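For clarity, every value in this text was computed on a predicted model and none was experimentally measured.
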Amino acid sequence: MANGQWYPPEWPARIRALASGELTPAAPRRAATVMLLRDGPGGTGPRVHMVRRRASMAFAGGAYAYPGGGVDPRDDRPVRWAGPSLESWGERLGVSPAEAQAVVCAAVRETFEEAGVLLAGPGPDSVVADTTGEEWAADRAALEAHELSFADFLDRRGLVLRSDLLAAWARWITPEFEPRRYDTWFFAAVLPVGQVTVETSGEADRTEWARPADAAARYDRGELLMMPPTIATLRALLPYTSAAEALAGAADQDLTPVVAEAELRGEEVVLTWPGHEEFTRHVPTGPRAPLEGRRS
């Protein structure tokens with residue numbers, strides 16, 4: 001392949017079914033993912049924490065991504081909260097205050113579950129310095145198994161969710177022809193002082209702190225597999241020279257939802273991602289059309 005764009009072999013048939021009216025789109029599930037950042041050595045720019053999804057995963061197996069996952073129904077429970085108000089978050093995310101809390105809670109919870117990093121502290125101006133050890137691991141396991149709600153976890157440990165440590169970056173919605181659809185908000189956050197990432201999730205078989213430019217180059221060479229939202233947000237980090245600068249730059253990012261569009265044009269279906277021309281695909285519609293389609 002020319003690059004590492006994730007493109008399931010069943011997509012062309014599903015695109016044709018959608019264009020013909022034979023496929024009813026699934027409702028997208030809300031989700032959140034976090035680009036966790038830290039500075040590289042010697043002023044070499046920010047690094048981003050990436051995970052490789054296990055090849056056995058039903059969705060995007062083998063692809064590199066960021067820690068994240070779906071919103072839990074219990075993420076809308078009242079939580080100890082610090083930072084911008086729910087109303088401010090709702091305005092930024094384009095949802096109601098209650099829905100904004102659920103999305104932000106999912107972002108913080110999933111980062112803790114999958115990377116062992118917790119954006120919370122005893123008060124609004126503090127943050128947990130160490131989340132290693134058996135008791136923290138037990139809490140992560142209970143959260144991941146849905147045996148413990150995030151609100152109860154914070155209450156039990158006397159912690160406040162630090163929403164000010166997060167910054168909304170982008171919003172992507174899985175295409176209508178994909179059976180597993182997600183309405184995903186991408187956030188940026190800087191690794192808190194004293195905390196370290198740990199390999200905690202069973203969904204990943206590899207983690208690494210990557211220099212955005214290096215990871216993008218490996219994608220371009222076809223060495224790393226990524227979904228369009230991942231490589232697009234990764235490229236958006238390239239101009240920044242530090243993790244703090246990237247976090248501040250999130251305020252300038254457009255949160256208009258990006259969703260792929262499939263249009264029937266003559267003998268082919270054209271798959272486009274508005275504002276992201278590099279992901280355009282032309283899929284022949286004939287019965288003998290190759291399943292992999294072709295890029296522009």
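Between Glu91 and Ser88, the side chains place no donor N or O within less than 3.5 Å of an acceptor N or O (distance only, hydrogens not considered). Thr241 and Glu245 are linked by a side-chain donor-acceptor pair at a separation below 3.5 angstrom, with hydrogens and angles left out of the test. Glu278 and Trp273 share no donor-acceptor pair across their side chains, judged by distance under 3.5 Å alone.
Note that Arg92 lies outside the cation-pi zone of Trp185, set by a 6.0 Å cut-off to the ring centre and a 45° limit from the axis. Stacking of Arg140 on the aromatic ring of Phe112 is recorded, both the 6.0 Å distance cut-off and the 45° axial limit being met.
The same ILVMFWY cluster, assembled from side-chain heavy atoms under 4.5 Å apart, contains both Tyr219 and Trp172. In the hydrophobic cluster analysis, where Ile, Leu, Val, Met, Phe, Trp and Tyr join through side-chain heavy atoms closer than 4.5 angstrom, Phe187 is grouped together with Val127. A single hydrophobic cluster is seen to contain both Leu234 and Trp169, as judged by linkage of ILVMFWY side chains at heavy-atom distances under 4.5 Å, directly or through other members. Trp209 is connected to Leu118 through a chain of hydrophobic side-chain contacts under 4.5 Å among Ile, Leu, Val, Met, Phe, Trp and Tyr, so both are in one cluster. Side-chain heavy atoms closer than 4.5 Å link hydrophobic residues (I, L, V, M, F, W, Y) into clusters, and following such links, even through other members, never connects Val190 to Phe186.
A distance-only check finds a donor-acceptor pair linking the side chain of Thr233 to the backbone of Pro229 [under 3.5 Å]. The backbone N or O of Ala243 lies less than 3.5 Å from a partner atom in the side chain of Asp39, making a donor-acceptor pair. Here the side chain of Arg162 pairs a donor or acceptor atom with the backbone of Pro124 at under 3.5 angstrom. When atom types are taken as modelled, the side chain of Glu208 and the backbone of Ala210 share no donor-acceptor pair closer than 3.5 angstrom.
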- Are Val117 and Leu36 close enough, and set up right, to give a side-chain contact (heavy atoms from CB on, under 4.5 Å), and what steps lead you there? CA-CA 9 Å; Val117 172; Leu36 195 60; 3.7 Å; yes

- Query: Is there a side-chain contact (heavy atoms from CB on, under 4.5 Å) between Arg30 and Glu99 once you walk through the steps?
  - Reply: CA-CA 10 Å; Arg30 286 182 171 169; Glu99 292 169 323; 3.0 Å; yes

- Message: Show, in sequence, the C-alpha distance, side-chain angles and deciding distance for Asp130 and Trp136, and conclude whether the side-chain contact (heavy atoms from CB on, under 4.5 Å) test is met.
- Response: CA-CA 9 Å; Asp130 183 9; Trp136 290 104; 5.9 Å; no

- Query: Stepwise, does the side-chain contact (heavy atoms from CB on, under 4.5 Å) test hold for Asp72 with His146?
  - Reply: CA-CA 8 Å; Asp72 187 300; His146 304 287; 2.7 Å; yes

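Pro175 and Val259 get closest at one heavy-atom pair: CA-CG2, 4.4 Å. Nearest heavy atom pair, residue Gln253 against residue Ala236, reads OE1-CB, 4.4 Å. Scanning all heavy atoms of the two residues, the minimum distance from Leu166 to Ala107 falls at CD1-CB, 4.0 Å. The shortest non-hydrogen separation linking Gly116 to Gln195 is O-OE1, 4.0 Å. The minimum heavy-atom distance between Gly70 and Ala106, with the atom names listed, is O-CB, 4.4 Å. Taking each heavy atom of Asp220 and Arg235 in turn, the nearest pair found is OD1-NH2, 2.7 Å.
Using a 4.5 Å heavy-atom cutoff, the side chains of Pro192 and Leu119 are in contact. You'll find the side chain of Leu93 reaches within 4.5 Å of the side chain of Leu255, heavy atoms only. Residues Phe177 and Arg16 form no side-chain contact, since every pair of their non-hydrogen atoms from C-beta on lies 4.5 Å or further apart. Side-chain contact between Arg181 and Glu176 is present, with heavy atoms from C-beta onward closer than 4.5 Å. Counting heavy atoms from C-beta on, the side chains of Trp81 and Val104 come closer than 4.5 Å. Within the 4.5 Å cutoff, no side-chain heavy atoms of Pro212 are placed close to those of Tyr240. Counting only heavy atoms from C-beta outward, the side chains of Pro41 and Arg47 approach each other to under 4.5 Å. Considering only heavy atoms from C-beta on, Thr207 stays 4.5 Å or farther from Thr197 through its side chain.
Separating the CD1 atom in Ile15 from the CG atom in Leu23 is a distance of 10.5 Å, to the nearest 0.5 Å. In this structure, Ser163 OG and Gln101 CD are separated by 10.0 Å, a value rounded to the nearest 0.5 Å. The CZ atom of Arg80 sits 5.0 Å away from atom CG of Asp155, with the distance rounded to the nearest 0.5 Å. The distance from atom CZ of Arg109 to atom CG of Leu143, rounded to the nearest 0.5 Å, is 7.5 Å. Taken from CE in Met35 to CE in Met50, the straight-line distance is 10.0 Å, to the nearest 0.5 Å. In this structure, the separation between CG on Leu165 and CG on Leu247 is 8.5 Å, given to the nearest 0.5 Å.
Taking a 6.0 Å sphere around CD of Glu134, one finds it holds 12 or fewer heavy atoms contributed by other residues, nucleotides or ligands.
The residues Arg29 and Asp183 are annotated as not salt-bridged, no charged nitrogen and carboxylate oxygen being separated by less than 4.0 angstrom. Look at Arg74 and Asp152 and you find no salt bridge, because none of the NZ, NE, NH1 or NH2 atoms lies under 4.0 Å from a carboxylate O. For the pair Arg156 and Asp139, the salt-bridge criterion is met [side-chain N within less than 4.0 Å of a carboxylate O].
Shown here are the ring pair (Phe, Tyr, Trp, His ring centres under 6.0 Å) partners of Tyr66, two or more places apart in sequence or in another chain: there are none.
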